[in-house]
Every structure is written in structure tokens, then in C-alpha cells.
There are 4 protein chains.
Amino acid sequence: MTQKTASGSTRRSEGSRRAILEAALSLVGEVGYERLTIEGIAARAKVGKQTIYRWWPSKAAVLLDAFTAKADAGEFESSLPDTGDLAADLKRGLQATVDEFNDPHFQAPYRALAVAAASDAVAAEQFISRLLEPGNKVYVDRLRSAQEAGDIAAGADLRVAVDLLLGPFTHRWLMRTGELSYEFVDTLVHMVVNGLRHGA
Amino acid sequence: MTQKTASGSTRRSEGSRRAILEAALSLVGEVGYERLTIEGIAARAKVGKQTIYRWWPSKAAVLLDAFTAKADAGEFESSLPDTGDLAADLKRGLQATVDEFNDPHFQAPYRALAVAAASDAVAAEQFISRLLEPGNKVYVDRLRSAQEAGDIAAGADLRVAVDLLLGPFTHRWLMRTGELSYEFVDTLVHMVVNGLRHGA
Amino acid sequence: MTQKTASGSTRRSEGSRRAILEAALSLVGEVGYERLTIEGIAARAKVGKQTIYRWWPSKAAVLLDAFTAKADAGEFESSLPDTGDLAADLKRGLQATVDEFNDPHFQAPYRALAVAAASDAVAAEQFISRLLEPGNKVYVDRLRSAQEAGDIAAGADLRVAVDLLLGPFTHRWLMRTGELSYEFVDTLVHMVVNGLRHGA
Amino acid sequence: MTQKTASGSTRRSEGSRRAILEAALSLVGEVGYERLTIEGIAARAKVGKQTIYRWWPSKAAVLLDAFTAKADAGEFESSLPDTGDLAADLKRGLQATVDEFNDPHFQAPYRALAVAAASDAVAAEQFISRLLEPGNKVYVDRLRSAQEAGDIAAGADLRVAVDLLLGPFTHRWLMRTGELSYEFVDTLVHMVVNGLRHGA
DNA sequence: GCTTAAGCGAGACGGTACGTCCGGTCTTAGA
DNA sequence: TCTAAGACCGGACGTACCGTCTCGCTTAAGC
């Protein structure tokens, strides 16, 4: 949470912070979110429990920090090409996302965070602003570019358009109602682009 | 779980079963899923804990039974008109669903079940087959009817089409990324119907 | 408890009664008194729990019946010779008792009953009248015979005399303060007979 | 259990320890040993259950500590005069013990501990070394003094001699086979001293 | 360079809930 | 009517974590 060089006289232990985040990530992969415990994280990180409680308000917050740290380190990069061919660009982007969501290292903590967000409005706020929004923005930008190029109806609400694209994807993944395949996202993109092209 | 007259010598207590389901529903509304406990349910239902453990494997299973019992009793009915105007019919259906998802009596247990499903693959299976699938079927049927009437491209994958409609809706509700309004679902339907109308 | 051939139209099941007593004896040998349960006895005897509760007021009562049945069957016979040599006769008797108390088949249920008696005054009454008293009587009789023969002071209280003999023995066994050996009982008899011979 | 200043980083709460011992003693007096529960002790002492489980292996161990604490505090002091008159000294000592064993405050926990010891060899070891042995030692010492004075046969086994004195006493009390009266102990002492005086 | 206050590891503490076991009662079906 | 079976309510078991609270120890800041 706190990143700046703390003004206090004695500073926060960087080593402990890192050990905690790593422990949280590895443990959530091993036992899942429900059975992830603060005590477990503290033990794995060889840290006193208080050191966790001092800096994070909940295990969801620890996990969010852990996950974004990894993401900031560039491990889960998500961007979108702009070749002028909207459908192709979106397919490429979503296919990359398919790979990510099928990767256990990504999936376990991300699902944990999604669950925490679904359970608790406060956790949701953090989750949205630090993970969902940035992810969405890439798509909003690409769609705006397409709209300016006339590939999309001028009046289309781009926020809803992105929901149209990512909502089915995320829902299928979260509820495990079907496989996340390239074929699925291709069909998805095809339908959505069709829908956006025509009429207000 | 067991509905039949049970072959065993001693039969299950119908009164306890009902008391447990009612207690579960009322408690989840009061304290939320995380703080819903088996002990709490047992106490509220004036039942021994063992009577719950004997018949259900988890609190998610209790809640699912409680919720579906209420649904089967007709409290949360969801069907779809077929006036010939696909967009209008879909809007009407989703608007009704908006009302449901904004109703705390529906929302609390349903969110709890969704969270349980997202956390646990086994819970997900039950959740899908007993709640999601039946809900989807109504839409698949209506879309098939539209496809036969030629309102939708012949080759369209109707399962994905329904995902396109309900995925964004559910995701927005679950993650609280935006308000569930009539306006939102109207826009949604508009875009989706557009997408389905044109070309495979 | 009830031994007579019940008058009712449908009579008590002799087979169940026996199965219960046997189950109680074997189980107390295997798991001890604390972990002996009515449910366990019922299961081992293939009997409904109610069949036990109907006929016995407590697990101690079951065990007492089980043990006395075995004793009545002559498995644990205790008598005392009367050769005229008091000390020798007593030694012989106590040596036989040493062997019994060192036999696990005897020891386990007897200790269980002693514990129940020590815990509970009601159980104690039964234990005393059905096991302790009969055992004591053999010694009282022998001592009376000795008293008539002039080997024991005329005024000696024979009840206390028997306590003097069996109290140390039982206490040592019950509390495991020392080994039950022939040597021990010989010393015991020696001291006691000395004490009884002299003075009022 | 631990009395020393404990080397560990966090130290044990003296207040909780005391509250637990007091709760155990008062509860065993009110409800008896069988119905004495760890939960009950914890509740009465306003302590978490874990705090009991952390420091004691069983309720018997708690009770033993509670009882010995009270004894160490001098509430149940037992010593023996040495006036030179062995019989008189022993009578005085046993009469004091009669009073103790007839005092409910002493009786309830002591009986509980005796029962636990009779049931379980491990509990017995503790009970013997912390209560029985110290109690016996007083008598062994007095008898040795008498032996040196020539009041007791030189070869007499003093351990058995003490058993002869206390065994009948304890047995009568434990099994409730008779009243614990001054008269009884006087008779007892008389017989035993007689037995010890004459011949090996 | 010494003081001092914070952060730290450790882990005890009062609690809550877990899932299991058993007590003693009650109900059902079959003999 | 008794029995085998076993569901039922109740309550204790011993365990796992919660979030809070000391303990001494280490360590860097600012005097």
C-alpha cells in the first residue's frame, strides 16, 4: 500500500514486504483463496503476523498488492495492436488474454481477487480501479480509434461495447461455464464487431 | 437433496429441512455469505448441527437448496414473451431481470451462490446446472425462434449469443462496475440484436 | 438387571442381551472405560441403542451385569482353604487374587467398575453389594473361624481386619503404586496376622 | 506447569493461569469430575479454550495443578507429630486426615484426581508423585523414627507398613464402603502398630 | 556515538466457528 | 410389543484462525 519512503524515523522492511507478497502468491496457488490465511502467509514469509496487519487491511489487499507487483514487473502484459483491422486486432488481444487466463500462475490469484471483489464492495473498488479499469482502457482506446475511422457507429457507447466484449469472456471464465478458446473469442469478436458497425 | 420418500427405516424431518432453508436465506440476507455459519443456521433453525451436516456437504449447498426452493415456489419467475419483436422481447425479459437483481431478497443469496461457484469448481457445477442453465435456456429458446423467423443469421452460435447478452449483465452486477438500469439493458439488447442480425 | 422371564406378551430378546454383555466386555478391554460408549456397544452387538437404554440405566450397569455374568459362569472363582494355618490360607487366597488382578481379561472390566464406583455413589452401591461384599465375605468367614480357634484376638473387628488385608492390596492395584506380587501379599499377610494375633 | 521465568519471547499470563485453576476447583465442586468440561472452565475463567489446551494436556492435569496449588498454599497441610508414642502420633495424623477427607472442598477434587489416576496410567504417575508420595513420606519418616527407637521390628518393610495404614483408609473412602471416623482410624492404627511391633 | 522510538519475529491471548462424536429421546417398519 | 435402525436436539470435543496484545531485539535518525 504505502510505497513512498515513509517519513517515520524507522523505515519499513523492504525484505519483509517482498517475502509477504511472494508468500501470498505462492500460497494462493497452492491452497486457494478460501484457505489462504494471514497466519499461513506470515509463517511462509517468516514474518510476525503484526507486520502484515500493520500494512494491509485484509488478505485481499495483500493479494492485490502481490498481483499488481507482478503485473507491474511486466509478467502479465496486455496491450492491443492497431493495424486498422479492428476485428483482427481485437482477436489478437483476446487470444493473448485467453492464454493468460489459462495460465495457473495468473489464474489463481486473479480468481481470488475477483471472488473477493464479488463478495465485498470495498474490495471491488480496489480491484476495479487497479486491474479492471486499466485492462478495459486498452479496449476503449482501440474502439475509439475505430470509431474515429468510421468502423463503428458514431453514437455507440464504448463503455458498453467493451462490456460486450469482456463481459461474456470473464463470466465464462469465472463461472467455468465453458472453455476459453481462441475459437470462442473469435466468434465473440465477430458478433460484437457486427453489432457495433450497424446503427446507433 | 433427497426428495423421494426415502427407503431407509427412519425418515428425514421435513420440518427441520424447511427451518434450515429458511434460516439460511434469512441469515445470508442479514450478515452476508462470509459471515454465514453453519452454527448460525442451526441455532436460528433450532436444529442440531449434525442435522445440517447429515444432509448437506457445505453451506453453499444449503443455500443453493434454499434458493432453488424459493425459486421453485415461483417467487423468482423468469420467462420471456414471444411477440415476434425480438429486441422488444429481450428488453422486457432483461428489464425484469434487472428488477430481480436489484431486489435485496434475491440479490444476497444469489451473489453468495455466485461467489461460491467462482471459488469452487464443484459448487460451480451445481450452480450452473440448477440456476444458470435453466435461466439461459429461456433465452436460447427465444433466439432459436427468432432464428427460425429469419431475424438472426442462420449460422449464429446461440450459446455464445446468450453469453453476449447475459455475460455483460452478470459481470456488471457481480463486480459492481456500473448500475443495472433499464437503459443499460436496452443498449445491450440493441447492440447484440444488431450483431446477430448481420452475417455469420 | 432384569433376569426373570418377563411376563409380557413379547419377551425380551435373550440373544440381544447376551450380545450386549459380550460387546461391553470386549470393548472395555479394547478401549477402556472412558472411551466405552453406548453407541459402540450397540454397534458391536448389532442392536439398537434403545434396546440398551430400555434395560440398563447406564454403561456402568451394563458392564456390571456383563462382569457378574462371567463371574457367575465360574470364570473368576475365589474361595479360601481352611487348613487351620491362617497365614498360609490367606496367602494362598491372596496369591490367587494376584493372578486374577494381573489377568487383563479380569482387570479391564473390574477396573472400569471400580472407577465407576469411585465416581458415582449409586454405581458404588451396586459394585459393593454384587462384587466387593461377596469377595469380602470369604475372608470374614475364614477370619471368624480363626478367631474361634483362638488365632486372633477375641475382640478384633473382623470387618476392619479384612479391610486391613484387602485395602492395601486393592489400593496398590487401583493406583498402580507398586507391583502385585506374591512377595507383596506374603508380607501383607504376615503383618496383618501379627497384628490380629496380639491384643484387643 | 512451567514455573520459571520462561525463556520464550512471550510470557505466559499469570492471571489467566490463576483464573483457570480457580475455575477448575470451583466447578469440580459444583458439578463433579464427569461433568467438568474444558469449555466450562474456560467460560468460568473468562479465557479462550486454547489457553487451557496450550498449557495442560487434559482436565485431570488442570485439576492436579489446581489442587496442588491450593495444597502448596498451605490449605491442606498434613504432618505428623513425633511425641515418642507411635500409636498416638499416627492416630492424631489419621484423624486430621479423616477431617480433610470429610471436607467437601478437599474431597471433590481429590476424588476426581483419584478417579483419573485409576482410569489412566499416565495420570496416575502424576497423581502418585505429586500427591500420594509426599503424603506417604510423612508416615514413612515417622515409622523410621519408631523403628530406630525399637518400637517396630527391625526388618519391617516400611513402604508396605504405610500401605497397611493408608490403603484401608483410602479404599474405604474411595469406594464408600464405610464411614471415615476417628473410631475407624483408631482401630486401624491399633491393629497395624500391633502387627509391626512383633517379629519380622 | 548515544539515545530512542519504530519496526520487527515471535507467539500468547480472548474469541468464534469448524466438523466430529456421543448422550439420551423419539419415530418407523418389520417380526 | 419388542427390536434394529437411525434421525433428532443438544452439547462438548480438540483444532484452526481471527485480530489484538505484549515481549525483547535490531536498527536507523537525529540529537
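These numbers were taken from a predicted model, which means no experiment stands behind them. Naming convention: chains lettered A, B, ... in sequence-line order (proteins, then strands); numbering from 1 in each chain.
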Next on the checklist: Run the side-chain contact (heavy atoms from CB on, under 4.5 Å) test against B/Lys49 and tell me which residues pass, sequence neighbours left out.
Outcome noted: B/Glu39, B/Ala42, B/Tyr53
Spacing of [X] atom [atom1] relative to [N] atom [atom2], expressed in whole Å:
| X | N | atom1 | atom2 | value |
| --- | --- | --- | --- | --- |
| C/Glu34 | F/dC13 | CD | P | 13 Å |
| D/Arg18 | E/dA12 | CZ | C1' | 18 Å |
| B/Ile41 | E/dC18 | CD1 | C1' | 13 Å |
| A/Ile52 | F/dC17 | CD1 | P | 13 Å |
| D/Ile20 | E/dA12 | CD1 | C1' | 12 Å |
| D/Arg11 | E/dG9 | CZ | P | 22 Å |

Between [options], spot the one nearest the side chain of [X], thanks.
| X | options | answer |
| --- | --- | --- |
| A/Glu39 | F/dA4, F/dC17, F/dG14 | F/dC17 |
| A/Tyr53 | F/dT20, F/dC8, F/dT3 | F/dT20 |
| D/Thr37 | E/dG14, F/dG19, F/dC13 | F/dC13 |
| A/Arg12 | F/dT3, E/dC18, E/dC8 | E/dC8 |
| B/Ser13 | F/dC8, F/dC13, F/dC18 | F/dC8 |
| B/Lys49 | F/dA12, E/dC21, F/dG6 | F/dA12 |
| B/Gln50 | E/dT20, F/dC9, E/dT28 | E/dT20 |
| B/Trp55 | E/dC8, F/dA7, E/dC18 | F/dA7 |
| D/Arg54 | F/dT3, E/dT28, E/dA12 | E/dA12 |
| A/Val47 | E/dG19, F/dA4, E/dG9 | E/dG9 |

Checklist entry - Can you list every pair that meets salt bridge (Lys or Arg N to Asp or Glu O under 4.0 Å) and has a residue in residues 23-34 of chain C, with sequence neighbours left out? => result C/Glu30-C/Arg44
Next on the checklist: Please compare B/Gly48 and D/Leu36 by the position of their nearest nucleotide in DNA chain F and report the one closer to 5'.
Outcome noted: B/Gly48
Checklist outcome for this item: Assign each of B/Arg35 and D/Glu14 the nucleotide of DNA chain E bearing its closest heavy atom; nearer the 5' end lies the nucleotide of D/Glu14
Next on the checklist: Does A/Arg18, at its CZ atom, have more than 12 non-hydrogen atoms belonging to other residues, nucleotides or ligands within less than 6.0 Å?
Outcome noted: no
Next on the checklist: Counting neighbours of CD on C/Gln107 that are heavy atoms of other residues, nucleotides or ligands and sit closer than 6.0 Å, is the number greater than 12?
Outcome noted: yes
Checklist entry - B/Phe127 and B/Tyr110: aromatic ring centres closer than 6.0 Å? => result yes
Checklist entry - Would A/Asp65 and A/Lys70 count as a salt bridge (Lys or Arg N to Asp or Glu O under 4.0 Å) if you check the C-alpha gap in whole Å, the side-chain angles of each, and the deciding distance to 0.1 Å? => result CA-CA 9 Å; A/Asp65 270 17; A/Lys70 220 176 167 185; over 6 Å; no
Item to check | N/O (side chain, C/Thr51) to phosphate O (OP1/OP2, F/dA4) under 4.0 Å | outcome: yes
Checklist entry - Taking only N and O in the side chain of B/Ser16, is any of them less than 4.0 Å away from OP1 or OP2 of F/dA7? => result no
Item to check | Sugar-phosphate only, base, or nothing, as touched by A/Lys46 at under 4.0 Å among non-hydrogen atoms | outcome: sugar-phosphate
